[in-house]
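Heads up: the structure comes next, in structure tokens.
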Amino acid sequence: MIRFNMPYLFGEELENVKKAVLDGRLAGNGDFTKACHEFFQNRYGFEKVLLTTSCTDALEMSALLLNIKEGDEVIIPSYTFVSTANAFALRGAKIVFADSNHDHPNISMESIRQCISPKTKAIVAVHYGGAACDMDELQSICKEHSIYLVEDAAQAIESFYKDKPLGSFGDCATFSFHETKNVVSGEGGLLVVNNDKLTARAEIIWEKGTNRTAFFRGEIDKYGWVDLGSSFLPSELIAAYLYGQLLNIDTIQNGRISRWNRYFERLQTLSSRGLIELPDIPAYANNNAHVFYLVCKSADERNRLIDHLKLKGIGAVFHYLSLHKSSFFESKHDGRELPHADRFSDCLVRIPLHLHLSDSEIDHICAEIIDFYRMS
Ligand SMILES: *Cc1c(COP(=O)(O)O)cnc(C)c1O
């Protein structure tokens with residue numbers, strides 16, 4: 001069986017975990033957490049970063065940080081993972097779902113403009129597959145209407161918009177190190193805060209509503225409860241594992257990109273005949289090779305392709321049932337059709353992409369896909 005996903009272990013992860021254990025420092029915000037923070041600040045120029053237990057938690061921190069409350073509206077793409085919306089729904093926000101672009105799963109600027117109202121408090125943009133949304137356009141919409149921008153950059157490590165790292169555009173941004181992402185720690189995430197007015201509070205929300213982080217820096221002589229918060233910081237065990245992965249980030253990225261390119265070349269024959277669509281990365285974005293996907297002509301064809309690959313021992317999956325049609329949200333949706341989100345929901349399929357995958361396995365997977373189209 002060729003697995004859809006399989007984390008790759010370099011060795012430094014376990015060495016670091018062992019070190020944390022032997023040092024007897026297992027709670028959060030220790031040396032490995034600091035090493036990860038420095039890595040992100042140095043590599044991407046982020047001012048304020050906080051490791052979290054997941055991207056979901058970083059999104060929930062964002063909602064707290066922006067003071068999202070009942071009556072506020074938040075614009076979110078329908079074609080995304082449930083946490084993007086759930087984090088804001090938890091604070092009582094009214095979620096207004098926007099459509100995808102017709103040729104890319106990213107949120108459509110035209111659809112956003114139709115969703116804006118005087119109650120709009122924030123837009124959450126998801127960089128699907130690590131490919132940047134149109135950030136110039138997004139920032140100008142947010143400025144024009146005085147609304148916050150949050151980047152759900154869960155999939156967008158090592159991604160750029162016109163050479164500037166994703167995660168540095170929004171008032172805040174969130175990353176994921178879930179086992180299915182490029183850089184992993186099992187569960188894990190990161191909050192980036194780019195708006196100076198929000199940084200002090202972010203640290204407090206992170207540490208259960210206390211000013212303990214400032215206390216540890218020696219800025220105050222005792223710490224206490226000063227605001228709302230929760231336990232969003234991960235154990236040093238997670239940070240230690242993550243730091244081991246970060247040391248190998250170039251190997252991870254080179255390995256993913258070369259595999260991605262091999263798929264792209266071998267499947268050209270199907271896309272040039274109009275049988276499938278391959279990922280179309282906008283000119284202002286780079287490709288961080290988070291996912292390799294193809295888009296079929298119908299849900300039926302997509303499902304038959306997945307079954308065919310499964311029969312041949314290849315793990316392929318689809319994802320994101322449009323959230324405006326989810327059982328939790330359907331009755332709350334305002335009834336607008338979101339046809340592009342629905343099309344990606346029906347027709348997109350993801351194929352294996354990880355560092356254990358050999359060239360011959362990629363060639364085999366491509367041959368099976370081509371075979372499927374020869375037969376059908
Ligand atoms: C993976 C993912 C998340 C959730 O990340 P966790 O770290 O598992 O909480 C959120 N949004 C998007 C777009 C994702 O791909």
Side-chain angles (χ1 to χ4, degrees), residues 4-5 7 28 36 40 49-64 74-90 95 97-101 104-107 122-133 138 149-159 166-167 169-170 172-192 206 230-235 237-239 241-242 245-246 256 279 285 287-293 317-324 326 328-329 341 344-345 348 350 353-354:
F4 170 69
N5 179 60
C36 291
F40 292 116
V49 292
L50 293 165
L51 279 194
T52 57
T53 40
S54 63
C55 180
T56 302
D57 267 355
L59 287 161
E60 286 181 26
M61 280 187 75
S62 306
L64 280 164
V74 181
I75 300 172
I76 292 175
S78 179
Y79 188 75
T80 183
F81 188 64
V82 60
S83 296
T84 318
N86 191 66
F88 295 85
L90 262 179
I95 308 299
F97 283 116
D99 206 358
S100 295
N101 290 311
H104 193 283
N106 278 350
I107 193 165
I123 297 171
V124 188
V126 178
H127 304 296
Y128 180 79
C133 294
L138 262 173
L149 176 61
V150 179
E151 293 177 77
D152 179 344
Q155 309 177 4
I157 191 94
E158 287 286 304
S159 288
L166 296 188
F169 292 88
C172 48
T174 64
F175 287 88
S176 174
F177 309 116
H178 182 263
E179 117 181 345
T180 51
K181 302 301 200 282
N182 290 25
V183 170
V184 308
S185 58
E187 304 280 352
L190 181 77
L191 176 72
V192 180
W206 192 56
S230 190
S231 182
F232 288 116
L233 69 177
S235 154
L237 296 177
I238 298 279
Y241 193 102
L242 179 64
Q245 287 261 306
L246 291 174
R256 293 186 78 93
N287 173 26
N288 79 338
H290 172 58
V291 294
F292 196 94
Y293 67 84
V317 298
F318 65 88
H319 70 168
Y320 302 154
L321 300 168
S322 299
L323 292 178
H324 71 287
S326 62
F328 176 70
F329 201 83
F344 291 114
S345 181
L348 186 143
R350 302 159 70 199
L353 183 60
H354 50 77

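Index from 1, following the sequence. Start at 1 and go down the list; that is how both ligands and their atoms are numbered.
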Check each atom of ligand 1 against the heavy atoms of Ser54 and keep those under 4.0 Å away; list them by number with element.
-> 7 (O), 9 (O)
His178 and Ser176: side-chain donor and acceptor closer than 3.5 Å?
-> no
Give the contacting part of Phe175 toward ligand 1: side chain, backbone, both or neither, where contact means a heavy-atom distance below 4.0 Å.
-> neither
Assess the pair Phe175 and His290: is the distance between their ring centroids shorter than 6.0 Å?
-> no
Under 3.5 Å between some N or O of ligand 1 and some N or O of Phe177?
-> no
Using a strict cut-off of 4.0 Å, indicate which atoms of ligand 1 neighbour a heavy atom of Thr56.
-> 4 (C), 6 (P), 9 (O)
Centroid-centroid distance, Tyr293 to Tyr128, less than 6.0 Å = yes
Geometric class of the Tyr79/His319 ring pair [parallel <30°, tilted 30-60°, perpendicular >60°] = perpendicular
Looking only at N/O atoms, are Gln155 and ligand 1 under 3.5 Å apart anywhere?
-> yes
Does a donor on one side chain sit under 3.5 Å from an acceptor on the other, for Glu151 and His127?
-> yes
Compute the shortest N/O to N/O distance between Ser176 and ligand 1 and return yes if it is under 3.5 Å, no if not.
-> yes
Should Gly188 be listed as contacting ligand 1, given a heavy-atom distance under 4.0 Å as the test?
-> yes
Can an N or O of Glu187 be found at a distance shorter than 3.5 Å from an N or O of ligand 1?
-> no
Would Thr84 and Asp152 count as having a side-chain donor-acceptor pair, cut-off 3.5 Å?
-> yes
With Ala85 via side chain to side chain contact (heavy atoms under 4.5 Å, CB included) - residues at least two apart = Ile76, Ile95, Phe97, Leu323
How does Thr84 reach ligand 1, if at all, at less than 4.0 Å between non-hydrogen atoms: by side chain, backbone, both, or neither?
-> side chain
Logged contact type for Ala154 with ligand 1, heavy-atom cut-off 4.0 Å, is side chain
Regarding Ser159 and Asn288, is there a side-chain donor-to-acceptor distance under 3.5 Å anywhere?
-> yes
Give yes if a backbone or side-chain nitrogen or oxygen of Thr80 is under 3.5 Å from a nitrogen or oxygen of ligand 1, and no if not.
-> no
